[in-house]
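I have placed the structure first, in the form of structure tokens, so that the comments after it can refer back to it.
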Amino acid sequence: MCGIVGYLGEGNARSIVLEGLKRLEYRGYDSAGMSLYDETEQYFNVYKEKGRIQALESIVDMERSPMGIGHTRWATHGKVNRENAHPHRSADGRFTVVHNGVIDNYSKLRDLYFDGHTFQSETDTEVVVELIAHYASKMPSQDAIRKVLKMLHGSYAMLVIDALEPGTLYAAKYKSPLLIGKSDQGIIIGSDMMALVGTADNYLPLDDETFVRITRKNFTQYDLDGEVLPYTMSKLEMDDFTSEKGEFDHYMLKEIHEQPAVLRRIISKYFNETHVHIDERLLKTIRQHERIHILAAGTSMHAGMIGKELLESLAGIPCEVHIASEFAYQQPLLGDKPFFILISQSGETADLRACLLNLKKANHPSLTITNVRTSTLAREADHSLELHAGPEIAVASTKAYTAQIAVLAILAYSMSEQTFDLKRELSEVAQAMEHFLDRYESVETLTTNLLTKRNCFYIGRGSDYHVCLEAALKLKEISYIQTEGFAAGELKHGTIALIEEGTPVIAIISNDKTAENTRSNLSEVKSRGAHTLTITFESLSENGDEIVLDNINPSLAPLLTVIPTQLIAYYAALKRGHDIDKPRNLAKSVTVE
Ligand code: F6R
């Protein structure tokens, strides 16, 4: 999704803003732009280009600047083109704005205030900048900006430059994330912590409905009525995991390979010698509730499905999983004493934020499980648990999925009467992951031989079925092969009609109770021409099974069976020459509903 970076200070805004935008590339974008202050000409130049940041960089003809703002756009209102790229400038040339989020009432405001005005772009943002200019002709710019913010419905993270105040930058936030970082050199502001790393020593995530006035050395935070809000900044500490690709060709491949290390790290964070340490107040609160509702989207929801099985089987607590975007507007009957777990790698997903706002209004208790400690969902839920997976840069989530399952397993275990040694079992999973990853390249040939059609099926039962849903999502999002994850027994009730000569069908078999049934379903599709591949464990394997994994505790099987499916997706995308880390149409952090 869109990214924002702004800088004011003694450093060079040109390189700091461009570097910040590059660090946000992983979020997905289709055009980029920036505005830099030219001290000699006393003028803010605007540069924008369709496509990659490199294209923008090549047209920025200034070497140095003390102040600048930049933006990567993921189109929502209007086509992908130069005109719609940010920054947007008011027709009188005074105000320049970059904006993340969506202004729902922009067309109403446009018709009300600007009848007959010709806009340069199709964006909601241009209406906002014109409104600011309109009111600033009648009052101080700070008041004009706050007045306009109060008129907006929707979401925004916004930076505003007033050409009449070249040493000042204004920022505002509602629903879309925005963080301010500070060092002795200056102030940086970004929509993602990654933009601040390397430039700031301390940071402050802004709250909703805050308005900030930034100068080279300092900033003041206000509410929308102009009352000063106090703040305390936190020290910015970089994670142990680097955000560089290292020896790997793609971030996705690197992140797949990091999974054993992430699992070991989670073990070290959540266990001491023998016991789990999760805040006893959280466990006590959950125990006082009768049903857990898991809310999540995409891959995180697939991890939630495995979490449900673990919470029900280990802790004996009934649990339901909901698609966040549905739950936000179609809340089912919740029953007595519901407890909510929100799962989100980024901690910024707008669909989940919409759910959380409703939960808070109804006084329902909540826990966020996230990879980003400083994220909105982590800050706003009653409790939070961290994934400790390190930055996940590839759009297709891999290590966050396994980290989510591991943390859910630890949570379920810590509320159970179980006596088995989860710490040891998880360590064995890490070892088995590593053992498989040592021979990962064999998956390339298997994938190339199998995935020759435009469609594919994953089949399995129980938790294997839930891993199939994730495997199918991974394959379609980066290889663009139409893939379905299916409950193996359900295929014959209609969908088997799609099986023809050469249709790829991949089976996941990890459960001894259902292994034979799934194998029968595999035979059914084989006899109708399907080309098949089996992923299973040593103890369940038969002659001819293509991917055989080390035996582990069966309740943790998804942590391991998913890994070959991630590699299948990777190699299918590689073979097709796709942009693996930035698949088309997708964004890493989905901050619009
Ligand atoms: C797919 C993927 C997405 C995310 C989903 C939720 O690989 O990454 O399906 O899982 O957009 O994002 P988070 O977990 O950040 O809430």
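Remember, it's 1-based here, ligands and their atoms both numbered in the order they're listed.
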- [ ] For ligand 1, note which part of Met301 has a heavy atom under 4.0 Å away: side chain, backbone, both or neither.
- [x]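 For Met301, there is no contact with ligand 1 at all, from either part.
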
Open item on the list: Does only the side chain of Thr349 get under 4.0 Å from ligand 1, or the backbone, or both, or neither? Count heavy atoms.
Closed with: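 It is the side chain that gets close, since no backbone atom is under 4.0 Å.
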
Open item on the list: So for Lys474, does at least one of its heavy atoms come nearer than 4.0 angstrom to any atom of ligand 1?
Closed with: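 Judged by the 4.0 Å heavy-atom criterion, Lys474 does count as contacting ligand 1.
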
- [ ] Report yes or no: does Val395 have a heavy atom closer than 4.0 Å to ligand 1?
- [x]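 Distance cut 4.0 Å: Val395 passes for ligand 1.
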
Task: For atom 11 (O) of ligand 1, the protein heavy atom that lies nearest, with its residue and separation - done: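 The protein heavy atom lying closest is Val590 CG2, 4.0 Å.
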
Open item on the list: I need the nearest protein heavy-atom contact for atom 15 (O) of ligand 1: residue, atom name and distance, please.
Closed with: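 I find the closest protein heavy atom is Ser346 OG, 2.6 Å.
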
Polar side chain donor-acceptor pair, [X] to [Y], under 3.5 angstrom:
X      : Y      : value
Gln566 : Gln259 : yes
His250 : Tyr570 : yes
Asp464 : Ser510 : yes

- [ ] Could you tell me whether Tyr156 and His99 have their ring centroids closer than 6.0 angstrom?
- [x]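 Not close enough - the centres of the two rings lie 6.0 Å or further apart.
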
- [ ] Cation-pi check, Arg291 to Phe339: give yes when NZ or CZ is under 6.0 Å from the six-membered ring centre and within 45° of the ring axis, no otherwise.
- [x]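 Verdict for Phe339: no cation-pi partner in Arg291.
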
Task: CG on Leu411 to CD1 on Ile286, rounded to 0.5 Å - done: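 Answer for the CD1-CG pair, Ile286 versus Leu411, is 4.5 Å.
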
Please identify which atoms of ligand 1 are closer than 4.0 Å to at least one heavy atom of [X].
X      : result
Ser397 : 7 (O), 8 (O)
Ala396 : 7 (O)
Glu477 : 1 (C), 7 (O)
Ser344 : 13 (P), 14 (O), 15 (O), 16 (O)

Open item on the list: Quick test of your reading of the structure: of Gly298, Ala297, Ala296, Gly304, whose heavy atom lies closest to atom 6 (C) of ligand 1?
Closed with: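 Heavy atom nearest to atom 6 (C) of ligand 1 belongs to Ala297.
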
- [ ] Give the single entry among Leu473, Leu586, Thr299 that approaches atom 2 (C) of ligand 1 most closely by any heavy atom.
- [x]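 Looking at heavy atoms only, the winner is Thr299.
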
Task: Within-cut-off N or O pair, Ser300 and ligand 1, under 3.5 Å - done: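 Looking only at distances, the answer is yes, because the N/O contact criterion of under 3.5 Å is met.
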
- [ ] For the residue pair Phe436 and Leu567, establish whether any side-chain heavy-atom pair is separated by less than 4.5 Å.
- [x]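 Answer yes - side chains close enough.
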
TODO: Please identify each residue that fulfils side-chain hydrogen bond (donor to acceptor under 3.5 Å, both in side chains) with Asn455, with sequence neighbours left out.
DONE: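 Counting only residues at least two positions away or on another chain, Asn455 forms no side-chain hydrogen bond (donor to acceptor under 3.5 Å, both in side chains).
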
Task: Pairs involving residues 465-484, ordered by first then second residue, that meet salt bridge (Lys or Arg N to Asp or Glu O under 4.0 Å) (sequence neighbours left out) - done: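 Output for this query lists Glu470-Lys474, Lys474-Glu477.
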
